[in-house]
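Counting starts at 1 for both ligands and their atoms, following the listed order. All residue numbers refer to positions in the sequence shown, counting from 1. Since this is a predicted model, take the numbers as computed values, not measurements.
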Amino acid sequence: MAGSDSLSLRAKEGLAELKNVLLGSKIETSEDKLFFEGIDHSRYFFRPDAAVFIKDAEDVGRVLKVANKYGVCVSVRGRGTGCSGGSLPHRGGWVLDLSALDDIKIDASAWVAEVGAGAVTADIDKAAGECGLFYPPDPSSHLYCSIGGNIACNAGGLRAAKYGVTRDYVLALEGYLPSGEFARGGRPLRKFSAGLNLRDLWIGSEGLLGVVTKAFLKLAKRPEKTRTYLFAPPDAKSAFGCVSAMLRAGVMPSILEFMDAQSCVCAAKYCSELSFGNGRTVLLAELDGSDEQIDSAERDMLFVASKYAPAPLIARDGAEAERLWLIRRKCSQSMYEIADSKLSQDIVLPPDKTAEFFEYFDSIGRRHGVATPTFGHAADGNYHIHAMYFGSDAASAAAARRVMDLAIEKCISLGGAVSGEHGIGILKSRYMALQHSPAELEAMRAIKRALDPNNILNPGKVLEPFDLEGVSPLKGVHLPWDK
Ligand SMILES: Cc1cc2nc3c(=O)[nH]c(=O)nc-3n(C[C@H](O)[C@H](O)[C@H](O)COP(=O)(O)OP(=O)(O)OC[C@H]3O[C@@H](n4cnc5c(N)ncnc54)[C@H](O)[C@@H]3O)c2cc1C
């Protein structure tokens, strides 16, 4: 991990020029600032040579122009909640931190939010709520993540099955191409069909093809009410059967989350307030709309679910709902009850293959002695699977890695995907050749080469396999969203 003393002369000249051209944005090279710019939720750490805290969107273009001139890598960072290492400066260089671009303006008559890339997702929804409107995509990290990161990863969330993902709400984008030139993707209009739309290329491109500085987002009418239900089917197979039957019957909860028995055991150990769910499989559902709409959907949902699970717990007010939600909120962090480290993936499964996949996942976990707790967004087949291990035990780490490799191979062979919302970053890039054909990968590389011929923007991510051998996540680091 190079310190500034070991910077090449070119990189030093680049940094000196950067200091002269920036208007308002701040360059930091102190170790404490660099630490939190070099780590994300994956907990892998790579020290950047400098971090540029963007205050003025036009400085993004200036940084990229200087980076091209001096051949310096630039890693784009929203708020660092990413799970795949997409923002990490694993080749050194500069981190471009966009978190201060956090303006939010709501146009209540057009139902549009105009937001800076660093705006926190929950703040956008809160501002929309003040006008009776609603920004539906709600990653579980919504209190901490930025809309720029959501756009770059095409983030989903709990309500995705009913309301869709980030892509469905982006009307237009502004930002900078890797060359440092300003560009707009689409326009903030209800319809736009004037040539290739950079917006569609930037969404989900994980910061490889440009830096988003501003977004225009579609808003929706805020649902009047929500009601929460906790079902405890006897096993995972019944839970998956219940989910399929609800979807076949046209019951569409705004939220339908799955937690397997291993996750529920951990959550109950971790949190003494949890008086239910221990050792069972849980489905947590939410219906939204007016009282009449909820009552009617409730009748259909309870009828379908009655074949798979006993009658659910039903929350009649916010406090009761929060009590039911506790199990879901605790399940990620509580897995460390099993072991001190985890590998996790956010796979997507075709609905008719879910039970087959999880039978296989359970069996390989047992065969290799690896605990495999799982939770996820059941209605859209997007599951967060885990392989637990002890960081200080090489054999346990290797077993977890083997289990995860086999699981990803199986998922893709069943027609699934290696990521539904977290993106590829560096941590999943070795699975890209399994997911995509050589022709598909070459088409993606050709687009990257055309837009970023000097390969300065988020290089070595997504499209190039990254070897994790010899690098491990840091232990004992507390990040703001850790509870
Ligand atoms: C507790 C927890 C729960 C989570 N739950 C969910 C969930 O339910 N659904 C979900 O989708 N994700 C979830 N995530 C993952 C994460 O929050 C999302 O991937 C989020 O979109 C990342 O936003 P960020 O601002 O933190 O981005 P970062 O981590 O800073 O960056 C992520 C990627 O986006 C790129 N990027 C960031 N900003 C820009 C920009 N302005 N222009 C171009 N590229 C940019 C980065 O280079 C990187 O490749 C969760 C994470 C945590 C920690």
Side-chain angles (χ1 to χ4, degrees), residues 36-44 54 57 60 64 73-90 95-102 115-122 137-160 165-167 170 173-178 183 185 198 201-215 255 257 328-333 335 344 346 348 375-377 380 382-384 419-429 457-462 479-483:
F36 285 102
E37 296 299 300
I39 193 164
D40 70 359
H41 185 60
S42 71
R43 286 170 157 73
Y44 284 87
I54 296 293
V60 171
L64 294 174
C73 305
V74 176
S75 291
V76 193
R77 183 180 180 91
R79 290 179 178 264
T81 67
C83 303
S84 312
S87 68
L88 302 183
H90 70 297
V95 168
L96 198 58
D97 183 310
L98 295 151
S99 57
L101 295 183
D102 59 357
V115 301
V120 170
T121 314
D138 62 337
S140 310
S141 50
H142 66 154
L143 294 174
Y144 302 94
C145 61
S146 75
I147 191 69
N150 293 175
I151 291 164
C153 299
N154 191 21
L158 305 182
R159 295 189 285 240
V165 294
T166 303
R167 183 181 289 282
V170 179
L173 295 173
E174 289 183 4
Y176 290 81
L177 294 164
L198 273 180
L201 202 56
W202 274 350
I203 299 170
S205 68
E206 297 190 48
L208 263 61
L209 304 179
V211 180
V212 172
T213 52
K214 185 188 272 192
I255 296 177
E257 292 290 296
R328 174 64 177 84
R329 296 200 201 291
K330 297 292 174 195
C331 61
S332 179
Q333 202 57 22
M335 280 174 196
S344 73
D346 77 306
V348 191
F375 60 88
H377 316 308
D380 43 25
N382 184 194
Y383 291 95
H384 301 306
S419 176
E421 54 184 24
H422 291 169
I424 298 297
I426 54 173
L427 299 181
K428 300 180 194 180
S429 51
L457 194 59
N458 273 357
K461 295 169 186 170
V462 184
L479 296 170
W481 46 90
D482 294 333
K483 298 265 169 55

*Asks:* Are His377 and ligand 1 in contact, using a heavy-atom cut-off of under 4.0 Å?
*Replies:*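 Per 4.0 Å heavy-atom rule, His377 contacts ligand 1.
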*Asks:* How close do Leu88 and Tyr44 get, counting heavy atoms only, and between which atoms?
*Replies:*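 For Leu88 versus Tyr44, the nearest heavy atoms are CD1-O, 3.5 Å.
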*Asks:* Taking Arg167 for its side chain and Ile203 for its backbone only, find out whether a donor-acceptor pair lies under 3.5 Å.
*Replies:*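 Looks like yes, one N/O pair under 3.5 Å.
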*Asks:* Using a 4.0 Å cutoff against the non-hydrogen atoms of Ala152, which atoms of ligand 1 qualify?
*Replies:*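 Once the distances to Ala152 are compared, the set is 34 (O), 35 (C), 36 (N), 44 (N), 45 (C).
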*Asks:* Show which atoms of ligand 1 fall inside a sub-4.0 Å distance from at least one heavy-atom site of Arg77.
*Replies:*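 Atoms satisfying the 4.0 Å criterion: 30 (O).
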*Asks:* May I ask you to decide if the ring planes of His377 and His384 are parallel, tilted or perpendicular, using 30° and 60° as cut-offs?
*Replies:*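 It falls in the perpendicular class, over 60°.
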*Asks:* Answer yes or no: is there a donor N or O on one side and an acceptor on the other, between the side chain of Asp40 and the main chain of Gly85, under 3.5 Å?
*Replies:*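 Confirmed, Asp40 side chain pairs with Gly85 backbone.
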*Asks:* Kindly give the heavy-atom pair with the smallest separation between Asp380 and Ala160, and that separation in Å.
*Replies:*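 Looking at all heavy atoms of both residues, the shortest contact is OD2-CB, 3.3 Å.
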*Asks:* How far is atom 6 (C) of ligand 1 from its nearest protein heavy atom, and which residue and atom is that?
*Replies:*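 Of every protein heavy atom, Ser140 N, 3.7 Å lies nearest to atom 6 (C) of ligand 1.
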*Asks:* How many angstroms lie between atom OG of Ser87 and atom CG of Asp97, to the nearest 0.5 angstrom?
*Replies:*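 The OG atom of Ser87 sits 9.5 Å away from the CG atom of Asp97.
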*Asks:* Please report the closest heavy-atom contact between Pro139 and Cys145, naming both atoms and the distance.
*Replies:*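 In this case the closest contact between Pro139 and Cys145 is CG-SG, 4.0 Å.
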*Asks:* Just go through Val76, Asn150, Leu143 and tell me whose heavy atom is the nearest to atom 20 (C) of ligand 1.
*Replies:*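 Result: the heavy atom closest to atom 20 (C) of ligand 1 is in Asn150.
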*Asks:* Any idea which protein heavy atom is nearest atom 41 (N) of ligand 1, and the distance to it?
*Replies:*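 Going by distance alone, atom 41 (N) of ligand 1 is nearest to Val212 O, 2.9 Å.
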*Asks:* Just need the protein heavy atom nearest to atom 25 (O) of ligand 1, so name the residue and atom and give the distance.
*Replies:*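 Nearest neighbour among protein heavy atoms for atom 25 (O) of ligand 1, to 0.1 Å: Ser146 OG, 2.6 Å.
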*Asks:* Looking at Leu457 and Pro178, what are the two nearest heavy atoms and their distance?
*Replies:*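 Closest heavy-atom pair between Leu457 and Pro178: CD2-CG, 3.9 Å.
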*Asks:* Name the option, out of Gly116, Ser141, Cys153, that contains the heavy atom nearest to atom 52 (C) of ligand 1.
*Replies:*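 Nearest heavy atom to atom 52 (C) of ligand 1 lies in Ser141.
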*Asks:* Specify the protein heavy atom at minimum distance from atom 31 (O) of ligand 1: its residue, its atom name, and the distance to 0.1 Å.
*Replies:*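 Among all protein heavy atoms, the one nearest atom 31 (O) of ligand 1 is Ser87 CB, 3.9 Å.
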*Asks:* Which is it for Leu98 and ligand 1 at heavy atoms under 4.0 Å: side chain, backbone, both or neither?
*Replies:*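 The answer is the side chain.
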*Asks:* Take Asn154 and Thr166 through the test side chain to side chain donor-acceptor pair (under 3.5 Å) and record every step on the way to the result.
*Replies:* CA-CA 5 Å; Asn154 191 21; Thr166 303; 4.6 Å; no
*Asks:* With only distance considered, is Asp40 within less than 3.5 Å of ligand 1 through an N or O on each side?
*Replies:*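 No: no nitrogen or oxygen of Asp40 is under 3.5 Å from one in ligand 1.
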*Asks:* Report, in ascending order of atom number, the atoms of ligand 1 lying under 4.0 Å from any heavy atom of Ala117.
*Replies:*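 Those qualifying, in numeric order: 41 (N).
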*Asks:* Which atom pair, heavy atoms only, marks the closest approach of Asp482 to Leu479?
*Replies:*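 That would be OD2-N, 2.7 Å.
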*Asks:* Which is closest to atom 13 (C) of ligand 1 in terms of heavy atoms, His422, Arg79, His384, Lys461?
*Replies:*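 Ranked by closest heavy atom to atom 13 (C) of ligand 1, first place is His422.
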*Asks:* For Gly423, does its backbone N or O pair with a side-chain atom of Ser84 as donor and acceptor, under 3.5 Å?
*Replies:*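 Between the backbone of Gly423 and the side chain of Ser84 there is a qualifying donor-acceptor contact (under 3.5 Å).
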*Asks:* Provide the number and element of each atom of ligand 1 under 4.0 Å from a heavy atom of His41.
*Replies:*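 Heavy-atom distances to His41 below 4.0 Å select 53 (C).
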*Asks:* Does ligand 1 have any atom sitting under 4.0 Å from a heavy atom of Asn458?
*Replies:*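 Right, Asn458 reaches ligand 1.
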*Asks:* Ligand 1 and Gly156, any nitrogen or oxygen pair closer than 3.5 angstrom?
*Replies:*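 Yes, at least one N or O pair falls under 3.5 Å.
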*Asks:* Just to check, does Gly80 reach to within less than 4.0 Å of ligand 1 when the distance is taken from its heavy atoms?
*Replies:*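 The answer is yes, since Gly80 has a heavy atom less than 4.0 Å from ligand 1.
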*Asks:* With heavy atoms of Cys83 as the reference, note each atom of ligand 1 found under 4.0 Å away.
*Replies:*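 In order of number, 15 (C), 51 (C).
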*Asks:* Should you measure from each heavy atom of Ala155, which atoms of ligand 1 turn up under 4.0 Å away?
*Replies:*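 Near Ala155, the atoms of ligand 1 are 11 (O), 21 (O).
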*Asks:* As an exercise, identify every atom of ligand 1 less than 4.0 angstrom from a heavy atom of Gly82.
*Replies:*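 The atoms of ligand 1 under 4.0 Å from a heavy atom of Gly82 are 26 (O), 29 (O).
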*Asks:* Measure the distance from atom 16 (C) of ligand 1 to every protein heavy atom, then report the residue, atom name and distance (to 0.1 Å) of the closest one.
*Replies:*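 The closest heavy atom on the protein side is Thr81 OG1, 3.2 Å.
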*Asks:* Tell me whether Glu421 contacts the main-chain N or O of Asp346 through its side chain, where contact means a donor paired with an acceptor under 3.5 Å.
*Replies:*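 Checking the backbone N and O of Asp346 against the side chain of Glu421, no donor-acceptor pair under 3.5 Å is found.
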*Asks:* Counting N and O atoms only, with roles assigned by atom type, does the side chain of Glu174 sit under 3.5 Å from a partner on the main chain of Thr213, one being a donor and the other an acceptor?
*Replies:*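 Not at all, since once roles are kept as given, no pair shorter than 3.5 Å links the two residues.
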*Asks:* Looking only at heavy atoms of Gly210, does any of them come nearer than 4.0 Å to an atom of ligand 1?
*Replies:*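 It does, in that a heavy atom of Gly210 comes within the 4.0 Å cut-off of ligand 1.
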*Asks:* Work out which heavy atom in Gly207 is nearest to a heavy atom in Val76; give both atom names and the distance.
*Replies:*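 Heavy-atom minimum between the residues: O-CG2, 4.2 Å.
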*Asks:* Of all the atoms in ligand 1, which lie at a distance below 4.0 Å from a heavy atom belonging to Gly86?
*Replies:*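 Heavy-atom distances to Gly86 below 4.0 Å select 47 (O), 48 (C), 49 (O).
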*Asks:* For atom 9 (N) of ligand 1, which of the options Glu206, Arg159, Glu421 provides the nearest non-hydrogen atom?
*Replies:*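 Looking at heavy atoms only, the winner is Glu421.
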*Asks:* Among all the protein's non-hydrogen atoms, which is closest to atom 27 (O) of ligand 1, and how far away is it?
*Replies:*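 Of every protein heavy atom, Gly149 CA, 3.5 Å lies nearest to atom 27 (O) of ligand 1.
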*Asks:* Give a yes or no on whether the backbone of Ala155 and the side-chain of Asn150 come within a donor-acceptor separation of less than 3.5 Å.
*Replies:*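 Judged by distance alone, no pair lies under 3.5 Å.
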*Asks:* Can you tell me the protein heavy atom closest to atom 1 (C) of ligand 1 and the distance?
*Replies:*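 Nearest protein contact, heavy atoms only, for atom 1 (C) of ligand 1 is Trp481 CD1, 4.3 Å.
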